[in-house]
*Asks:* 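Handing you this structure, nothing more for now.
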There are 2 protein chains.
Amino acid sequence: MNSSEARSRIVATADALYYSRGIQAVGMDELRTAAGVSLKKLYAEFPSKGSIVMAVLERRHQAWEDGLDARVRQAPTPRLRLLAIFDYLCQWFGEDTFRGCGFINTFAELGAISPEVAAYAREHKAAFQHYVARLAEEAGAPAHLAPQLSILAEGAQTTAAIAGSADAALQARSAAEVLIDAALSSRAPAAG
Amino acid sequence: MNSSEARSRIVATADALYYSRGIQAVGMDELRTAAGVSLKKLYAEFPSKGSIVMAVLERRHQAWEDGLDARVRQAPTPRLRLLAIFDYLCQWFGEDTFRGCGFINTFAELGAISPEVAAYAREHKAAFQHYVARLAEEAGAPAHLAPQLSILAEGAQTTAAIAGSADAALQARSAAEVLIDAALSSRAPAAG
DNA sequence: ACCATCGGAGAACGCTCGTTCTCTCTCGAT
DNA sequence: ATCGAGAGAGAACGAGCGTTCTCCGATGGT
C-alpha cells in the first residue's frame, strides 16, 4: 500500500469516526482496525493522535470549502449566491451522518486543552466569514451583513445538530433573505 | 458539613471546572480537591460522574433561565424584551470565564455517547425556543420569528466562543432588530 | 538455498481514569 | 475510660488510553 494512499485512508476513517462519536471516544486501536492498517503503519504516517486530529480538521476544512463553493457557483445572481450558503446547509443537515459542525464539536471537546485545535477552529470560522464577506461585497451589501449571515449559519448548524432536524436551515434562509434585502435596500434606498 | 451544602458545593465546583476545561479533561480527584470534599463524600452524594454531569446541566439550565428572565423583565416593551435576549448574551460574552454555551459544549463532547446528555441538551434548547416564542407572541409577531431569533442567539454563542470576542452579540442584536421589525410590519403592513 | 530487510499482528508499557476499599482518627453516648 | 459509628485521606483496582516493542513470516537479491 502506497504511503499517501494509507494517509488519506487513515484520515478519512478518522474523520468519520471522530465526527460521529467524538475524538476522545475513539481510540487508536479502533481507528487502526477501521482503517485496515497496522499500528506500525499508523505511527509511521502520523507521530501522534494529535497530528491525526489536525489532519482531519484540514480535510474537513477543504471538503467544506469545496462543497460550499461548488454550490455557490451554481447560483446565477449575487443575492442567490448568498442564499446558496443556506441551501448548502440544508442539504448537509439532511444527510443522516450529520452531527453538527465538526469544528464547533472539536473546539468544544478539545479547544480548552489544545491551543492547536482552538487556533485551527478559529481560522476555519474566520475563513468562512471572509468568504461570506466577499459574496456580500459582490452583492453590493454594506459590511455589517456578512457577520450577521455568518452568525445565522452558525446558529443553524448547532440548532440542527441538537434538535436533530433540518428545519433550522430553512428558517435561517428566510431570515437571511430578510437581512439581505434590508441591507441592499438601505444601500440603494430609492429601489423600493 | 451539611449534605445539601456539600451537594451544591460539588455541583458548583464541577460546573466551573467542566465548563472551563471540558468534562473528560477533569477527573474525580481534581474535582474532589477543588470542592474540598472527600472521595467518600463525593460518592455518597452522587453515584457516578455521569450523575454529577446531569446535576451540572440542571444547575446551568436554571442559572441561564433565571439570568435571562431577570434581564428580559427589565425591558419595558415587548420589542425590547426580545432584544434583551441579545443584551443578556452581550453581557455574558464579556465575562472572562465565557467559553461558549455549556450545553452545546457538553453535547459536542458527550452527546454521541450519552443519550441522557443529548436529551437534556435538546430539552434545554427547546425550552429556550419556547421562551422566545412566548416573547414573540406577546410582541404580536408571526410564528416564524421565534426560531429565527433562536438561531441568531445560538450562532452568536458559538461565534463568540470560537472567535473569542463579544462583538457577535451586537451583530446578532442588530440582525434581530431587522428581523423583528420586518416581522411586525408584515403583520401590520399599514404601519410603514 | 540463504540471508537481510521489511511490515503486519498484537503484546506490553506507563499512565490516567472512575470507582471501591482500607486504615485511621475523631467524637459523642454510656 | 470505652466503645462504636462515621468521616477523611488516600491506597488499590481494573479498565482503557496513547505509544512503543517484540516477534515472525513474507519477500527479494545473490
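Hydrogens, waters and symmetry mates are skipped; everything else that's a heavy atom, side chains included, is used. On a predicted model such as this, the values are computed, not experimentally measured, just so you know. To find a chain, count down the sequence lines: A is the first, B the second, and so on, and within it residues start at 1.
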*Asks:* Using whole Å, what does the distance between atom P of nucleotide D/dG18 and atom CD of A/Glu45 come to?
*Replies:*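 My rounded result for the distance is 18 Å.
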*Asks:* Pairing donors with acceptors under 3.5 angstrom, does anything connect the side chains of B/Tyr18 and B/Asn105?
*Replies:*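 No, because no side-chain N or O of B/Tyr18 sits under 3.5 Å from a partner of the opposite role on B/Asn105.
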*Asks:* Do A/Trp64 and A/Phe128 have their ring centres less than 6.0 Å from each other?
*Replies:*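 They qualify: ring centres under 6.0 Å apart.
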*Asks:* Could I get the full list of salt bridge (charged side-chain N to carboxylate O under 4.0 Å, His left out) partners for A/Arg7, not counting sequence neighbours?
*Replies:*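 Result, salt bridge (charged side-chain N to carboxylate O under 4.0 Å, His left out) vs A/Arg7: A/Glu45.
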*Asks:* Taking N or O atoms only and anything under 3.5 Å, show me the protein contacts with nucleotides 16-21 of chain C, one pair per line.
*Replies:*
from, atom 1, to, atom 2, distance (Å)
C/dG18, OP1, B/Lys49, NZ, 2.3
C/dG18, OP2, B/Met28, N, 2.7
C/dT19, OP2, B/Tyr43, OH, 2.9
C/dT19, OP2, B/Lys49, N, 2.9
C/dT19, O5', B/Tyr43, OH, 3.4

*Asks:* Whole angstrom is fine here: how far is it from CD1 in A/Ile52 over to P in D/dG18?
*Replies:*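 Spelled out: CD1 on A/Ile52 to P on D/dG18 is 9 Å.
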*Asks:* Residues two or more places apart in sequence or in another chain: which of them pass side chain to side chain donor-acceptor pair (under 3.5 Å) with A/Lys125?
*Replies:*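 Once residues adjacent in sequence are excluded, the partners of A/Lys125 under the side chain to side chain donor-acceptor pair (under 3.5 Å) criterion are A/Glu154.
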*Asks:* Are B/Leu57 and B/His124 close enough that some pair of their side-chain heavy atoms sits under 4.5 Å apart?
*Replies:*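 Of all side-chain heavy-atom pairs linking B/His124 with B/Leu57, none is under 4.5 Å.
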